[in-house]
Amino acid sequence: MNMVLKSIAAVLLAGISFLSFGQKAAQLPDDFLSTEFHQERRDLLREKMPENSVAVFFANPVRNRANDVDYMYHQDPNFYYLTGHREPHAVLLIFKDEQVVTDYAFDELIFVRKHDALKELYDGARLGKEGAVDKLKFELAFEGPDFEDFNIDFSTFDKVLFYDFKEDVRDTKEEADLFDLIAAFKEKVNYGEDAMAINAEPKASNLDTKSLDELMKSLRGIKTKEEISLIRKAVDISTMGQREVMKAMKPGMSEQEIQGLHEFVFKKYQAEFEGYPSIVGAGHNGCVLHYIDNYKPAIEDGELILMDLGAEYHGYTADVTRTIPVNGKFTKEQKLIYDLVYEAQEAGRAACKPGATFKDVYAATAKVVNEGLVELGLYASTEEEDMINPETGRNRYYPHGCCHHIGLDVHDKGDYAELKENMVITIEPGIYIPEGSPCDEKWWGIPVRIEDDFLITKEGCELLSDLAPRKSEEIEALMKESSPLDNFILPSLEDE
Ligand code: GLY
Ligand code: MN
Ligand code: MN
């Protein structure tokens, strides 16, 4: 019996044997993406693939934190999007055309981890190939070691589409781990320095490491109803975190404590992860765009605190930033800068509709910021050379872009030219004035970013993150409310 047939027989016999022993699968919430969603996505990808091609996807590597401890596993977003599989050491093959091997026909195959009673005792039940058939609804599923023996001839395809390897996968010594699966694939397709050198000449090789990302962008950039409902949930959770922190905030709290409050709210609503490391920066720390140390032990009365955090709910992440006065009241200068950023965000929002470009939205925000900073006296004119940071080509106080897709990645895949209905994007203008900036000292140490998540609709856009106030007056009003955390006072660990 050849390898394919042996494995098919095994799949057909599976089911029963693993129902009767081993670890029970963990109880999962029932509002994950449906299997139909993943099946439909695979079909849509197949439609977009070139003639006589195969697309090959690998699961994300397990990342080691130190010694015996790994980071929490997070699936590769493309792999998750196409399968719903949340375990490591797996390969997915999608064929443009039906493949016929003896009596079997298939146009997709998945290879997943073998069962291992001892490992499952520690880490919980594995899906197994029978689970891939039963739960993920693949007609044919195999185990990792089968991939190594799998006698597919990749040279018969006009194109073998895959993401090029980053060479950062550890050999874990487990049978058919990702390291082995990649090595087996490389051997099968004759990948290597020579093969990739040949690939530089498109006609000389069928290996294509460029096109797949374009296809995935075209799919993932436009969200389905199911995806939008998970994004709404992630955004609601994130904005609830912002609301609760606004009520609980007091001078003297630490940046980590504030981070912990947001993340506690995320967990309270069953969000599995943060979509990216939480950014909580008071005063000057907020001027560091991706400040994630969050070390300041006691935030000071009179400071602004910038909080950029996103809950990840069943794979989908929000990306929401609020900047608030630690003591509940903006100073005159803080309010002037805050309101300018708000106005810039509103200008971006007004420009945000199908047919407009990402550049249009950025330009609308930058115009408000540039003109506003002149009006406030931080620059003499919008023509002032010093306004532009030569490294970014942007206003030195507004050094970043203002929009990106969100979804399974916080900076999600998608087309970054024209806005289309059912894209979900951020609009996130900011002004950051670090200590020592060439302007009046009264502005120093003011960081403001306002970041919200928007669904592009037929006519314009819908603000998804409106649960957390954005206007300076609304923030001040909410900060006056009491918090359930006002009485959450822990004993000191210092000797009195
Ligand atoms: N939180 C990262 C960003 O706003 O892009
Ligand atoms: Mn963002
Ligand atoms: Mn953000």
Side-chain angles (χ1 to χ4, degrees), residues 74 77 220-221 223 231-232 234-243 245-246 255 258-259 262-263 265-266 271 273-282 285-294 304-313 315-324 338 341-342 344-346 348-349 351-352 358-359 361-362 364-366 369 392 394-395 397-416 419 423-432 447-456 461-470 475:
H74 193 283
R220 284 179 52 191
K223 270 48 181 191
I231 292 174
R232 281 185 192 279
V235 171
D236 284 351
I237 294 171
S238 306
T239 46
M240 285 305 279
Q242 295 281 1
R243 283 186 73 84
V245 167
M246 284 181 195
E255 290 174 343
I258 308 292
Q259 174 187 351
H262 283 275
E263 293 176 7
V265 174
F266 295 179
F273 295 104
E274 296 82 56
Y276 51 91
S278 301
I279 299 167
V280 179
N285 292 342
C287 295
V288 179
L289 300 179
H290 284 172
Y291 171 78
I292 56 173
D293 289 341
N294 307 344
L304 285 182
I305 185 158
L306 185 154
M307 308 177 295
D308 181 347
L309 303 97
E312 182 180 306
Y313 185 79
Y316 286 83
T317 187
D319 187 5
V320 177
T321 308
R322 288 293 180 270
T323 310
I324 66 174
Y338 187 93
V341 176
Y342 175 81
Q345 197 194 41
E346 285 294 286
R349 180 184 183 177
C352 199
F358 279 75
K359 278 191 184 148
V361 182
Y362 170 75
T365 63
V369 169
T392 61
R394 294 181 172 133
N395 189 315
Y397 299 125
Y398 177 17
H400 56 72
C402 88
C403 304
H404 56 83
H405 293 269
I406 57 168
L408 289 170
D409 281 301
V410 63
H411 293 172
D412 209 35
K413 289 195 181 297
D415 180 13
Y416 275 85
L419 293 170
M423 287 180 167
V424 184
I425 66 161
T426 64
I427 305 180
E428 51 176 303
I431 296 176
Y432 315 86
V448 176
R449 176 157 70 250
I450 309 175
E451 176 171 27
D452 282 274
D453 303 334
F454 295 84
L455 169 66
I456 309 300
C461 64
E462 180 192 340
L463 170 64
L464 301 180
S465 37
D466 58 349
L467 263 177
R470 289 184 304 139
I475 289 171

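Treat the numbers as computed from the prediction; the structure is a model and nothing was measured. Both counts, for ligands and for their atoms, begin at 1 and track the order of listing.
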Undergrad: With no hydrogens and no angle check, do the side chains of T321 and E428 hold a donor and an acceptor under 3.5 Å apart?
TA: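 Their side chains do not contain a donor-acceptor pair, so the 3.5 Å distance test is not met.
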Undergrad: For the side chain of R322 and the backbone of P469, is there at least one donor-acceptor N/O pair under 3.5 Å apart?
TA: yes
Undergrad: Distance below 2.8 Å from the Mn ion (ligand 2): how many protein N/O/S atoms qualify?
TA: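 Protein N, O or S neighbours of the Mn ion (ligand 2) under 2.8 Å, waters not counted, come to 4.
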Undergrad: Using modelled atom types and a 3.5 Å cut-off, is there a donor and acceptor pairing between side-chain atoms of T365 and backbone atoms of A344?
TA: no
Undergrad: Less than 4.0 angstrom from a charged side-chain N to a carboxylate O is my criterion; do D409 and R220 meet it?
TA: yes
Undergrad: Heavy-atom contacts with ligand 1 below 4.0 Å: which residues, ordered by chain and residue number?
TA: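 Within 4.0 Å of ligand 1, protein side: Y276, H290, D308, D319, H404, H411, E428, E451.
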Undergrad: So does D319 get a backbone contact from the side chain of D453, meaning a donor-acceptor N/O pair under 3.5 Å?
TA: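 Flag set: sc D453 to bb D319 pair under 3.5 Å.
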Undergrad: Any donor and acceptor pair, going by atom type alone, linking the side chain of K413 with main-chain N or O of L408 inside 3.5 Å?
TA: no
Undergrad: Look only at the side chain of N395 and the backbone of V369, and say whether a donor-acceptor pair between them is shorter than 3.5 Å.
TA: no
Undergrad: Checking Y313 against D236: is there a side-chain donor and acceptor pair closer than 3.5 Å?
TA: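 Per modelled atom types, D236 and Y313 side chains form no pair under 3.5 Å.
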Undergrad: Going by the angle between their ring planes, with limits at 30° and 60°, are H405 and Y416 parallel, tilted or perpendicular?
TA: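 Because their plane-to-plane angle is over 60°, the rings of H405 and Y416 count as perpendicular.
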